[in-house]
Amino acid sequence: MEEELIVRPTSETIIWDTYRNWIKSYRDLPILCNQWANVVRWEMRTRLFLRTAEFLWQEGHTAHATMEEAEIEAKKMLGVYTEFAEKWLAIPVYQGVKSANERFAGALNTYCIEAMMQDGKALQAGTSHFLGQNFAKAFDVKFLNKENKLEYVWATSWGVSTRLMGALIMSHSDDDGLVLPPKIAPIQVVIVPIYKTDEEREKVNSRCLEIKAQLEAKGLRVKYDDRDTQKPGFKFHEWELKGVPVRLAVGPRDVENGTVELARRDTMTKESVAFAGIDAHVVELMDVIQSNLYQKALTYRNEHTFDVNTWDEFKAQVEKGGFVHAFWDGTTETELKIKEETKATLRFIPLDVKEEEGVDVYSGKPAKMRVYFAKAY
RNA sequence: CGGGAUGUAGCGCAGCCCGGUAGCGCGCUUCGUUCGGGACGAAGAGGCCGCAAGUUCGAAUCUUGUCAUCCCGACCA
């Protein structure tokens with residue numbers, strides 16, 4: 001091949017090989033490279049969307065002159081991911097730090113956001129690593145600082161992947177299909193006309209077009225399903241399956257009465273609303289649905305997070321699913337034993353963990369904090 | 001990689017044990033009646049039975065090989 005093809009599990013080696021050539025002075029710092037790339041992993045067992053042998057992800061790599069600056073960057077990106085998950089995908093996440101055992105190889109700290117799926121299993125939704133000077137040393141990336149001294153750079157890397165699509169699906173969907181938060185729904189509103197005769201169709205059609213124009217003027221993404229080949233009931237189910245947040249149905253009676261039938265995907269409720277002011281009503285509803293989905297997922301997550309104090313409780317709860325919040329003595333040994341006996345992994349140490357006195361739920365040794373365990377994807 | 005299973009019409013499956021030249025549901029086509037929550041009736045179209053050998057008068061069915069897919073088993077997005 002003329003072009004070099006690189007198959008990789010992550011791009012650190014490519015990036016750092018390049019950084020060595022790019023970074024010479026403190027004036028070259030900080031530096032940030034962001035890319036979307038396909039990466040491959042050897043997976044014993046794959047899982048659609050959540051664990052695939054090849055996946056598309058976004059990865060960022062930064063290098064800094066100081067440790068502080070790199071730490072701030074790593075946490076900043078965790079914040080960006082948190083905001084995206086919660087505000088856009090409506091998926092509540094816990095922010096945490098991985099234990100030494102779960103840490104990314106080569107990182108000093110691995111920050112993560114962890115979500116709870118509807119089946120009670122945890123899912124890591126994104127990570128941000130504080131790499132310290134490890135990669136700089138491994139790839140010999142040094143710079144001259146203001147004092148004219150040679151120093152290794154401090155680094156971070158962070159990423160999210162198409163796994164987020166799996167998280168989205170598993171967080172909100174129900175037996176009727178996909179449920180999409182308005183902010184990311186490709187179609188936010190679908191309009192379905194109802195008619196029997198050509199005459200009715202004519203009337204209903206112009207009303208629907210009117211509504212569509214009004215909604216689009218407000219910046220909404222609207223689909224007018226005027227297919228004459230499918231009947232209304234069929235269309236209702238089809239758009240529900242695809243997760244469209246709001247459906248408007250307009251029939252002869254509505255045109256007559258100046259109303260529109262409005263159905264919400266998140267609550268599966270229907271109501272008759274006035275045609276006048278429908279645009280403002282729907283715009284407002286987008287926010288209502290967005291926050292309702294988040295709230296629902298948050299309630300679910302909270303109801304599936306349990307404080308546990310004994311080993312028996314621990315085992316029983318892990319079996320049932322959810323996050324288990326328990327004292328940990330801080331050793332890898334205990335962490336591995338717990339995993340061996342329950343298949344639960346230490347998901348994270350909360351970012352805002354508070355020190356408190358306790359005894360480890362497994363070893364009975366003194367513990368200084370509670371951490372989160374769960375079975376995970 | 002280890003264990004288990006499955007490949008038959010566009011999709012989901014039955015038939016295989018007890019060989020006789022393939023059937024059901026959905027979907028598709030036509031006509032009529034329907035049309036505010038996945039319509040109904042009637043008539044149709046559609047299949048080298050994963051692939052290759054073998055046994056047999058005859059193979060979707062038995063034998064062997066081969067390919068593919070799925071599920072289960074300790075992971076680092």
Side-chain angles (χ1 to χ4, degrees), chain A residues 8-12 36-60 77-78 81 85 93 96-107 110-115 121-129 157-167 176-177 192-198 200-201 204 227-241 247-257 259-263 268-270 272 332 335-348 373-377:
Chain A
R8 77 274 197 185
T10 173
S11 307
E12 258 80 8
W36 281 87
N38 268 34
V39 289
V40 295
R41 302 279 165 94
W42 193 95
E43 295 290 354
M44 188 179 73
R45 214 160 105 63
T46 60
R47 210 168 194 123
L48 196 62
F49 284 117
L50 302 181
R51 168 160 284 108
T52 45
E54 178 175 8
F55 58 91
L56 178 64
W57 78 350
Q58 168 278 126
E59 57 177 322
M77 286 316 298
L78 190 73
Y81 291 152
V93 293
V97 192
K98 288 292 187 187
S99 64
N101 177 55
E102 297 273 338
R103 199 140 63 200
F104 173 61
T110 287
Y111 299 105
C112 62
I113 52 175
E114 293 274 332
K121 285 172 104 170
L123 181 76
Q124 181 172 328
T127 49
S128 182
H129 311 292
S157 72
W158 20 271
V160 291
S161 76
T162 39
R163 170 181 275 187
L164 284 174
M165 296 302 101
D176 293 304
V192 178
I194 294 157
Y195 53 83
K196 290 194 187 105
T197 64
D198 280 349
E200 284 178 346
R201 184 182 182 183
V204 166
R227 285 175 298 174
D228 196 30
T229 49
Q230 309 295 344
K231 292 187 301 159
F234 180 92
K235 294 179 185 175
F236 292 172
H237 284 276
E238 189 174 56
W239 294 113
E240 278 161 10
L241 186 70
R247 182 188 71 238
L248 300 177
V250 180
R253 284 207 303 273
D254 291 304
V255 178
E256 209 66 34
N257 304 333
T259 57
V260 178
E261 183 188 85
L262 185 155
M268 286 299 247
T269 51
K270 281 196 297 196
S272 185
T332 299
E335 181 186 347
L336 292 176
K337 283 274 173 50
I338 289 175
K339 183 175 159 188
E340 203 179 300
E341 295 194 25
T342 67
K343 288 180 183 161
T345 47
L346 201 174
R347 299 314 303 159
F348 63 96
F373 292 88
K375 279 198 204 168
Y377 279 107

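All chains are named by letter (A, B, ...) in the order of the sequence lines, taking the proteins before the strands, and each is independently numbered beginning at 1.
The nucleotide B:A45 finds no pairing partner, because no Watson-Crick or G-U wobble arrangement with both distances shorter than 3.5 Å includes it. Across all strands shown, B:C11 forms a Watson-Crick or G-U wobble pair, both distances under 3.5 Å, with B:G25. Partner assigned to B:C70 is B:G4, using Watson-Crick or G-U wobble distances below 3.5 angstrom. Nucleotide B:U56 is matched to nothing when pairs are restricted to Watson-Crick or G-U wobble geometry with both distances under 3.5 angstrom. Of the nucleotides present, B:C51 is the one that pairs with B:G65 by Watson-Crick or G-U wobble criteria, both distances under 3.5 Å. Here B:A39 sits opposite B:U33 as a Watson-Crick or G-U wobble pair (both hydrogen-bonding atom distances under 3.5 Å).
The separation between A:Tyr111 atom OH and B:A77 atom P is 16 Å, rounded to whole Å. Whole-Å rounding puts the A:Phe49 CZ to B:A77 P distance at 19 Å. As rounded to whole Å, 17 Å separates atom P of B:C35 from atom CD of A:Gln230. In this structure, A:Tyr81 places its OH atom 10 Å from C1' of B:A77, rounding to the nearest Å. Separating the OH atom of A:Tyr195 from the P atom of B:G37 is a distance of 15 Å, rounded to the nearest angstrom. Atom CG of A:Leu78 and atom C1' of B:A77 are 14 Å apart (whole Å). Rounded to an integer number of Å, the gap from A:Arg253 CZ to B:G37 C1' is 13 Å. Rounded to whole Å, the distance from CD1 on A:Ile194 to C1' on B:G38 is 14 Å.
The nucleotide whose nearest atom lies closest to any side-chain atom of A:Ala263 is, among B:G36, B:G37, B:A77, B:G37. Nearest nucleotide to the side chain of A:Ser161, out of B:G38, B:A77, B:C35: B:A77. Nearest to the side chain of A:Ala249, among B:A77, B:G36, B:C35, sits B:G36.
Between the side chains of A:Ser11 and A:Glu59, a donor-acceptor pair is found at a separation under 3.5 Å. Using modelled atom types and a 3.5 Å distance limit, the side chains of A:Ser157 and A:His129 yield no donor-acceptor pair.
For the side chain to side chain contact (heavy atoms under 4.5 Å, CB included) with A:Cys112, the lone residue among A:Val97, A:Val93, A:Thr127 that qualifies is A:Thr127.
Residue contacts shown for A:Thr162 are absent, as no nucleic acid heavy atom lies under 4.0 Å away. Using a 4.0 Å heavy-atom criterion, one finds that A:Arg247 contacts the bases of the nucleic acid, with or without backbone contacts as well. Base engagement by A:Lys270 is indicated by at least one non-hydrogen atom pair under 4.0 Å involving a base atom. No contact: A:Leu164 has no heavy atom under 4.0 Å from any strand. Among the heavy atoms of the strands lying under 4.0 Å from A:Glu261 is at least one base atom, whether or not backbone atoms are also near. The residue A:Glu102 sits close to a base: some heavy atom pair falls under 4.0 Å. In this structure, A:Glu238 reaches the bases: a heavy-atom distance under 4.0 Å links it to at least one base atom across the strands shown. Here A:Glu240 lies in heavy-atom contact (under 4.0 Å) with a base.
Comparing B:G27 with B:A42, their P atoms are spaced 15 Å from each other, to the whole Å. Rounded to the nearest Å, the gap between the P atom of B:U64 and that of B:G23 is 29 Å. Straight-line distance between the P atoms of B:C62 and B:C16: roughly 9 Å, to the nearest whole Å. B:C51 and B:C35: their C1' atoms are spaced 48 Å apart (whole Å). Comparing the same atom, P, in B:A45 and in B:U29 gives a spacing of 15 Å after rounding to whole Å. B:A68 sits 23 Å from B:U63 when the P atoms are compared, rounded to a whole Å. To the nearest whole angstrom, the two C1' atoms, one in B:C26 and one in B:A39, are 15 Å apart. When the P atom is used for both B:C31 and B:C48, the distance is 28 Å, rounded to whole Å.
Rounding to the nearest 0.5 Å places OH of A:Tyr377 at 13.5 Å from CZ of A:Phe49. Distance check, rounded to the nearest 0.5 Å: CD of A:Glu335 to OG of A:Ser99 gives 3.5 Å.
The existence of a salt bridge linking A:Lys98 and A:Glu114 is confirmed by a sub-4.0 Å separation between a basic side-chain nitrogen and an acidic carboxylate oxygen. Using a 4.0 Å cut-off between charged nitrogen and carboxylate oxygen, A:Glu238 and A:Arg247 do not count as a salt-bridge pair.
A residue-by-residue look at A:Gly159 and A:Thr197 shows that A:Thr197 has its nearest nucleotide of RNA chain B further toward the 5' end. Nearest-nucleotide positions on RNA chain B for A:His237 and A:Lys343 put A:His237 closer to the 5' end.
We find that the ring of A:Phe236 and the base of B:G38 do not stack by the test of centres under 5.5 angstrom and planes tilted less than 30°.
The base of B:A39 lies close enough to the side chain of A:Lys231 for a donor and an acceptor atom to sit less than 3.5 Å apart.
With hydrogens and angles disregarded, a donor-acceptor distance shorter than 3.5 Å links the side chain of A:Arg163 to the backbone of A:Leu50.
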